[in-house]
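Here it is, the structure, as structure tokens.
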Amino acid sequence: AQKITQTQPGMFVQEKEAVTLDCTYDTSDQSYGLFWYKQPSSGEMIFLIYQGSYDEQNATEGRYSLNFQKARKSANLVISASQLGDSAMYFCAMREVKGSGTASKLTFGTGTRLQVTL
Amino acid sequence: SQTIHQWPATLVQPVGSPLSLECTVEGTSNPNLYWYRQAAGRGLQLLFYSVGIGQISSEVPQNLSASRPQDRQFILSSKKLLLSDSGFYLCAWSFPTHSGANVLTFGAGSRLTVL
């Protein structure tokens, strides 16, 4: 069974600094996808970034980048130049492609609460 | 563009009462639809998903059921709510593709409190 581990319940970062949110995963499949979502206090889940297991380069989306280390089974999210609006819960999630058909059945971690300070 | 609507946003129900949460998607056809639940301070747990009208897959045995009466409508129901059903319920949709980059797009969520 797949599993996502986020070991940092909470993180603080100063405005304009970079921060890394940790995520490790466990799967026996060779084909899988890794996702990061942001959940502000409003509750809505906002997609940030995706990394495929066969992608050789780390994914980047604006200020977000994913530090993918396949051998270590880690997929850490790096947020550069933090802004006050980045304060939120961040969830790492994984989709195993095998056996899922067209359904995107994501397994989520427990999340990391990021607080950006002045 | 596609949009997803979910309602009601907030619901307070007594134990033993029925439940109906609705979700609709606009701007696409034959989407895959999902219901997730988030307990307080926890991650999301997949409850049900559907790849077509009348096709429901249950991931977790529980006091809830789901139905998809129309292509872009997904309903979460219960006949008798339990205290443990309290939580934040999120509907989501995705394109029906085998691609690994099959992003889930979520609705705004429904916060259910069972008293």
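Given the structure is predicted, the values throughout are model-derived calculations rather than measurements. Within every chain, numbering begins at 1; the chains are lettered A, B, ... in the order of the sequence lines, protein sequences first and strands thereafter.
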OG1 on A/Thr102 to OH on B/Tyr49, rounded to 0.5 Å: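 OG1 of A/Thr102 is found 8.5 Å from OH of B/Tyr49.
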Heavy-atom pairs under 4.5 Å with chain B, option from A/Gly111, A/Ser42, A/Ser31, A/Gly43 with the top count: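 Going by pairs under 4.5 Å, I would pick A/Gly43.
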Sidechain-backbone polar pair: B/Asn32 side chain, A/Ser104 backbone, donor-acceptor under 3.5 Å: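 Pair absent, no side-chain N/O of B/Asn32 close to backbone of A/Ser104.
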B/Gln38 CD to A/Phe108 CZ distance, which is reported to the nearest 0.5 Å: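 Rounded to the nearest 0.5 Å, the CD-CZ separation comes out at 9.0 Å.
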Chain A contact via B/Phe95 - side chain, backbone, both or neither, heavy atoms under 4.5 Å: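 Just its backbone gets close to chain A.
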Between CG on residue B/Asn102 and CZ on residue A/Phe35, distance to nearest 0.5 Å: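 Interatomic distance, B/Asn102 CG to A/Phe35 CZ, rounded to 0.5 Å: 7.0 Å.
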A/Gln51, part contacting chain B, at a heavy-atom distance under 4.5 Å: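 It is neither, since no heavy atom gets under 4.5 Å.
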Straight-line distance of B/Leu104 CG to A/Tyr37 OH, nearest 0.5 Å: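 Separation between the atoms: 4.5 Å.
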Joint hydrophobic cluster, B/Trp7 plus B/Tyr34, side-chain heavy atoms closer than 4.5 Å: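 The answer is no; the residues belong to distinct hydrophobic clusters.
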Contact summary for A/Met45 and B/Leu44, nearest pair of heavy atoms: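 So the minimum-distance heavy-atom pair works out to CE-CD1, 3.9 Å.
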Joint hydrophobic cluster, A/Leu48 plus A/Tyr32, side-chain heavy atoms closer than 4.5 Å: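 Result: yes, single cluster for both.
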Selection from A/Pro9, A/Gly33, A/Ala103 maximising heavy-atom pairs under 4.5 Å formed with chain B: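 Highest number of pairs under 4.5 Å: A/Ala103.
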Gap between atom CZ of B/Phe106 and atom CD of A/Glu44 - 0.5 Å precision: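 That separation rounds to 10.0 Å.
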Structural part of B/Val103 lying under 4.5 Å from a heavy atom of chain A: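 The answer is both parts of B/Val103.
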Greater than 12 external heavy atoms within 6.0 Å of A/Lys70's NZ: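 Yes.
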Path from B/Leu83 to B/Leu21 over hydrophobic side-chain contacts below 4.5 Å: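 Result: yes, single cluster for both.
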hydrophobic_cluster_shared for B/Tyr36 and A/Met94, side chain cutoff 4.5 Å: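 Cluster IDs for A/Met94 and B/Tyr36 differ.
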Rounded distance [0.5 Å steps], OG in B/Ser94 versus NZ in A/Lys105: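 That separation rounds to 12.0 Å.
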Options A/Arg113, A/Met89, A/Gln39, ranked by heavy-atom pairs under 4.5 Å with chain B, top entry: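 Heavy-atom pair counts peak at A/Gln39.
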Linked, directly or transitively: B/Leu82 and B/Leu47 (ILVMFWY side chains, under 4.5 Å):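 No.
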